[in-house]
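Every value quoted in this text rests on a predicted model; they were computed, and no experiment measured them.
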Amino acid sequence: MFSKILNAIIFCSILLLNFSANAAEQQNPPPPADKESEWYWLDSNNKYSKYFAPNSVRIIKQATTEDGREIPTEIEAWTKTNYTFDGAKETIKSYDITKIFPKPEILSYSLALLRINPQTRTVRYAREDFYDAQNKVIWSRTDGRVKEINSQAFDEDFYVAIVDEVFKQGEKDRKKAEDRWIELWTFTHADGVKTTVTADTTTFQLKGTNLIFWEWQKIEGANKKVTEIRFLKKSVNLSQGTERTINGRVWTPSKKWADFEDDYGGAYRMIRTDEPDYKGLIRLRAFAKGYSTWVKRYAIS
């Protein structure tokens with residue numbers, strides 16, 4: 001009798017362990033086999049080569065719209081990054097893992113499991129594994145850091161490739177398009193100071209009547225030298241003619257890059273018809289009307 005009970009306990013324990021292992025694997029599935037055929041090349045420079053595994057792309061979460069359509073709200077996929085010496089050195093410094101990789105040449109490549117929210121243009125790192133040249137994992141982490149994707153993000157190539165696998169709305173084409181950046185307005189003051197503002201159309205997303213996007217402001221002195229650059233995330237209410245700065249960074253020759261401090265504290269302000277910004281509002285309204293499918297491509301409501 002005792003032996004039957006013991007066997008039953010052992011059997012249940014095995015089932016529980018298998019269930020736990022399967023649940024863990026479903027939460028963080030293993031990376032694809034390290035074969036060239038598994039990885040699709042995206043981009044390379046003198047520091048990094050980027051790849052992703054199309055077969056690993058899967059939809060994790062969806063939302064149902066009022067008209068019954070299922071819109072993905074979380075997408076998962078594996079990516080791969082190969083490092084040159086300079087790329088490894090830069091990465092090790094960025095991650096503060098010099099003690100783990102005392103010599104940059106030890107770091108060969110890394111694999112990352114990304115979870116993407118297309119509605120917020122964010123990427124969350126669910127898991128990262130860093131390898132040496134012998135395909136041995138030297139360091140891993142699963143801290144789930146979240147990054148927003150814009151033109152300055154290292155992860156932009158990963159984002160557009162993975163999202164395109166699901167939505168097929170031309171993210172990769174728009175990223176490389178000649179008209180990716182459109183000029184909203186330019187104005188030259190009496191003292192010769194010139195301000196030019198361009199908007200990144202890859203980041204355009206219409207939420208209600210608010211158009212969310214990133215813009216690049218360049219200010220030049222009368223001598224044509226750049227005195228300030230502002231890289232800002234904006235929300236423009238197209239119907240009301242108001243705008244606010246969500247966040248951003250500002251560059252000056254003396255301070256370099258620093259967080260942008262908004263004089264309005266993040267509140268909306270009216271765009272007056274006699275301001276240079278009003279030309280930008282007209283341009284944004286026209287773009288949203290002419291490219292309505294693009295600005296609403298991931299909208300849930």
Please round to the nearest 0.5 Å and tell me the distance separating atom [atom1] of [X] and atom [atom2] of [Y].
| X | Y | atom1 | atom2 | result |
| --- | --- | --- | --- | --- |
| Gln119 | Ile71 | CD | CD1 | 7.5 Å |
| Leu111 | Glu128 | CG | CD | 10.0 Å |
| Glu76 | Arg127 | CD | CZ | 10.5 Å |
| Thr198 | Trp214 | OG1 | CH2 | 13.5 Å |
| Lys234 | Glu215 | NZ | CD | 3.5 Å |
| Gln205 | Phe213 | CD | CZ | 13.0 Å |

Restricting to non-hydrogen atoms, name the atom on Pro118 and the atom on Phe167 that form the minimum distance, rounded to 0.1 Å.
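Distance-wise, the nearest heavy atoms are CG-CE1, 3.8 Å.
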Could you report the tightest heavy-atom contact between Leu281 and Gly241, atom names first, then the distance?
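Shortest heavy-atom separation between Leu281 and Gly241 comes out as CD2-CA, 3.7 Å.
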Would you mind checking if [Y] and [X] are paired as a salt bridge, meaning a charged N to carboxylate O distance below 4.0 Å?
| X | Y | value |
| --- | --- | --- |
| Arg249 | Glu228 | no |
| Arg272 | Asp277 | no |
| Lys233 | Glu148 | yes |
| Glu275 | Arg269 | yes |
| Asp86 | Lys47 | no |

For side-chain hydrogen bond (donor to acceptor under 3.5 Å, both in side chains), just list the numbers for Gln169 and Tyr298, CA-CA rounded to whole Å, side-chain angles, deciding distance to a tenth of an Å, and then say yes or no.
CA-CA 9 Å; Gln169 290 292 326; Tyr298 311 132; over 6 Å; no
Hey, what's the ring geometry for Phe130 with Tyr95, parallel, tilted or perpendicular (30° and 60° as the breaks)?
perpendicular
Fit a plane to each ring of Tyr291 and Phe287, take the angle between them on a 0 to 90° scale, and name the class: parallel (under 30°), tilted (30 to 60°) or perpendicular (over 60°).
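Parallel, since the angle between the ring planes stays under 30°.
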Using only heavy-atom distances, determine whether the side chains of Arg174 and Thr201 contain a donor-acceptor pair under 3.5 Å.
yes
Hydrogens and angles aside, do Asn237 and Thr209 bring a side-chain donor and acceptor to less than 3.5 Å of each other?
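Yes.
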Flag if over 12 foreign heavy atoms under 6.0 Å of [atom1], [X]:
| X | atom1 | result |
| --- | --- | --- |
| Asp179 | CG | yes |
| Lys89 | NZ | no |
| Lys175 | NZ | yes |
| Lys218 | NZ | no |

Would you say the rings of Tyr40 and Tyr51 are close, in the sense that their centroids are separated by under 6.0 Å?
no
Under 6.0 Å between ring centres, would you say that holds for Phe52 and Phe158?
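For Phe52 and Phe158, the ring centres are not under 6.0 Å apart.
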Whether the side chain of Thr98 engages the backbone of Pro102 through a donor-acceptor N/O pair (distance < 3.5 Å, no angle test) should be reported.
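No, Thr98 side chain to Pro102 backbone: no donor-acceptor pair under 3.5 Å.
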Verify side-chain hydrogen bond (donor to acceptor under 3.5 Å, both in side chains) between Ser140 and Asp129, making sure each step is shown before the conclusion.
CA-CA 4 Å; Ser140 299; Asp129 298 322; 2.6 Å; yes
Evaluate salt bridge (Lys or Arg N to Asp or Glu O under 4.0 Å) for Asp262 paired with Arg244, printing each intermediate quantity in order.
CA-CA 9 Å; Asp262 183 21; Arg244 77 181 185 94; over 6 Å; no
Start with the C-alpha distance between Tyr268 and Gln240, add both sets of side-chain angles, then the distance that settles side-chain contact (heavy atoms from CB on, under 4.5 Å), and finish with yes or no.
CA-CA 10 Å; Tyr268 278 94; Gln240 296 180 3; over 6 Å; no
Evaluate Val57 against Ile75 for side-chain contact (heavy atoms from CB on, under 4.5 Å), listing each step before the verdict.
CA-CA 7 Å; Val57 177; Ile75 307 166; 3.9 Å; yes
Let me see the working for Leu211 and Val295 under side-chain contact (heavy atoms from CB on, under 4.5 Å), right down to the final yes or no.
CA-CA 8 Å; Leu211 186 65; Val295 299; 4.2 Å; yes
State, with a plain yes or no, whether a side-chain heavy atom of Val226 is found less than 4.5 Å away from one of Ile219.
no
With a 4.5 Å limit on heavy-atom distance, are the side chains of Phe101 and Trp139 in contact?
yes
Please lay out, stage by stage, how Tyr83 and Ser110 fare under the test side-chain hydrogen bond (donor to acceptor under 3.5 Å, both in side chains).
CA-CA 8 Å; Tyr83 302 97; Ser110 64; 2.6 Å; yes
Lys80 charged N/C atom sitting above Tyr109 aromatic ring, 6.0 Å / 45°
yes
Here's one to test your reading of the geometry: is the NZ or CZ of Lys50 within 45 degrees of the ring axis of Phe154 and under 6.0 Å from its centre?
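Judged by the rule (NZ or CZ under 6.0 Å from the ring centre, within 45° of its axis), Lys50 counts as positioned above Phe154.
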